[in-house]
Structure formats: structure tokens, C-alpha cells
Amino acid sequence: MQRTNPQDLFHTRELQLQAMLLEGLAGDAEAYREFLSALAVHMRGFLRRRLPQHPTEVEDLLQEVLLAVHNARHTYRAQQPLTAWVQAIARYKLADYRRAYARRDARHELLEDDSDLFASNDEEQSQASRDLLKLLEYLPERQRLPIVHVKLEGLSVEQAAQVTGLSSSAVKVGIHRGLKALARLIRGRNDNEDR
């Protein structure tokens, strides 16, 4: 009996999903429905592993990911790995969810015991992350998305270009201009706080 290599299974599954997507993009509605259905099964597992403490949120987030994949389907290129393209979209939606969840938690958080209010200062890093996310909202999408994908999510410039539909050079320019704009925003806030 021959053993199946997990890497071979992954590659076969990727090729099957890619074939269904490409057929769907060529106009085969049934193949596209099958693609979304099969992708939903895989994405559900992906999201459950990343949100074990929020299992009730997985289905809502899954729908958002599938909708984002559908809306970005025109950016998929047949020569690129389907998994990298889909995971980049899913990571972006997951980051959106975590930001929204953090905001929702912050609004509804009640101080039950104020004795530890000033006990520690380990909130600074998460506060810095929230501040950065707020500042990123001021940037135009052509600058914000490349920074999020490359600098925060760790995608390569080429992967970010594929996900956003921008050219690699536009991604690089977006990062450069976006970081300059962020620096100006930070300087402006610090100048206002000093007054």
C-alpha cells in the first residue's frame, strides 16, 4: 500500500480548486459555485484555527472572506499560487475583524476592579498598534493597503501586488508615500500635543 504524502494532497487540492476557479472565471457558473463551496470548507478550518476563542464569529467572517474572494476574483492570475492569493485575502479580513473586535471590546469594557488600574503598563504595545491602525485609516487605499500587506502582514511586494491589483512598482511607491504621510501625521499629532 502506497502512502500519500501530505504535500502531494495539498498540491492536488490546490490544482483542483484552481481549475474550478479558472473555469468559473471563464463563465462556468457551476464550476464557480463548486469552487466557492470547496473553498468554504477549507477557509472554515483556517478561520477556526485562528479564532478558537470565538467560534460563533467564524461563519460571519467566512462569509466576508468568500465575498472578498468573489469581489477580487478579477485580480487572480493563473500563474500564481491560489493558496497564497486566498490566504492573503483571508488574513486581511481577519485583521479587519480583529481591529473591529478590539474596538467593540474597548467600548463595552467595564472596570470591575479599579485596584489594578495603574498596576502595570504593558498596554503600551497594543495601544501603539491601535494608534497605528487609526493613523492608517487616514491614508488613501493605494498607500494603506500596500503598508498593511507588506509591512504588517509580511507579504512580499509581489504578493501584495497580486492581492491589491496594483503593479509591484505601485506597491513600492504606495509604501514609500504612505510611510512619509504617516510620519507627517505623527509629527502633526505630537506638535499639537506639545501645545
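For clarity, every value in this text was computed on a predicted model and none was experimentally measured.
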- line: Of all heavy-atom pairs linking Gly24 and Ala31, the shortest is N-CB, 4.1 Å
message: Under 4.5 Å between side-chain heavy atoms, counting indirect links through other Ile/Leu/Val/Met/Phe/Trp/Tyr residues: same cluster for Leu36 and Leu47 or not?
response: yes
message: Checking Ser167 now: which residues fulfil side-chain hydrogen bond (donor to acceptor under 3.5 Å, both in side chains) with it, not counting sequence neighbours?
response: Ser169
CG on Leu94 to CZ on Arg99, rounded to 0.5 Å: 10.0 Å
message: Going by side chain to side chain contact (heavy atoms under 4.5 Å, CB included), name the residues that satisfy it together with Gln143, two or more places apart in sequence or in a different chain.
response: Leu139, Pro140, Arg177, Ala181
message: Could you work out, with side chain to side chain contact (heavy atoms under 4.5 Å, CB included) as the rule, every residue matching Ser168, not counting sequence neighbours?
response: Val157, Glu158, Ala161
- request: Could you state whether Leu179 and Leu166 fall into the same hydrophobic cluster, counting links through intermediate Ile, Leu, Val, Met, Phe, Trp or Tyr residues with side-chain heavy atoms under 4.5 angstrom apart?
  value: yes
- prompt: Got a sec, which residues hit ring-ring contact (aromatic ring centres under 6.0 Å, His included) with Tyr92, two or more places apart in sequence or on another chain?
  reply: His149
field: For Phe35, the option from Leu22, Leu25, Val69 that meets side chain to side chain contact (heavy atoms under 4.5 Å, CB included)
entry: Val69
statement: Taking every heavy atom of His42 against every heavy atom of Ala38, the minimum-distance pair comes out as CD2-O, 3.1 Å
- prompt: Mind checking whether Ser156 and Val150 have side chains closer than 4.5 Å, heavy atoms only?
  reply: no
message: If I take atom CZ from residue Arg73 and atom CG from residue Leu21, how far apart are they, to the nearest 0.5 angstrom?
response: 9.5 Å
- request: Report the distance from atom CD of Glu57 to atom CD of Glu64, rounding to the nearest 0.5 Å.
  value: 9.5 Å
message: Can you tell me how far apart CD1 (Ile175) and NZ (Lys180) are? Round to the nearest 0.5 Å.
response: 14.5 Å
query: Which residue pairs pass the side-chain hydrogen bond (donor to acceptor under 3.5 Å, both in side chains) test with at least one member in residues 43-52, sequence neighbours excluded?
result: Arg44-Glu59
- request: Using the salt bridge (Lys or Arg N to Asp or Glu O under 4.0 Å) rule, collect all pairs that involve residues 13-32, keeping only residues at least two apart or in two chains.
  value: Glu30-Arg33
Same apolar cluster (I L V M F W Y, side chains within < 4.5 Å links), Leu15/Met20: no
task: Return the set of residues passing side-chain hydrogen bond (donor to acceptor under 3.5 Å, both in side chains) with Gln63 (not counting sequence neighbours), or none when no residue passes.
output: none
- request: Starting at CZ of Arg144, measure out to CG of Leu182 and round the result to the nearest 0.5 Å.
  value: 11.0 Å
Residue pairs fulfilling ring-ring contact (aromatic ring centres under 6.0 Å, His included) with at least one residue in residues 66-90, sequence neighbours excluded: Tyr32-His70, Tyr76-Trp85
- request: Output, in order, the C-alpha distance, side-chain angles, deciding distance and verdict of side chain to side chain contact (heavy atoms under 4.5 Å, CB included) for Tyr97 and Leu51.
  value: CA-CA 10 Å; Tyr97 164 80; Leu51 296 172; 3.5 Å; yes
message: Could you check whether any side-chain heavy atom of Arg91 comes within less than 4.5 Å of a side-chain heavy atom of Leu155, counting everything from C-beta outward?
response: yes
- line: Residues passing the side-chain hydrogen bond (donor to acceptor under 3.5 Å, both in side chains) test with Glu137, sequence neighbours excluded, are Arg103
- request: Could you pull out the closest heavy-atom pair between Ala40 and Leu66, with the gap in Å?
  value: CB-CD1, 3.8 Å
field: Which residues share a side chain to side chain contact (heavy atoms under 4.5 Å, CB included) with Ala183, sequence neighbours left out
entry: Arg187
message: Just to verify, what does His176 make a ring-ring contact (aromatic ring centres under 6.0 Å, His included) with, not counting sequence neighbours?
response: none
query: CD of Glu34 to CG of Leu17: how many Å apart, nearest 0.5 Å?
result: 10.5 Å
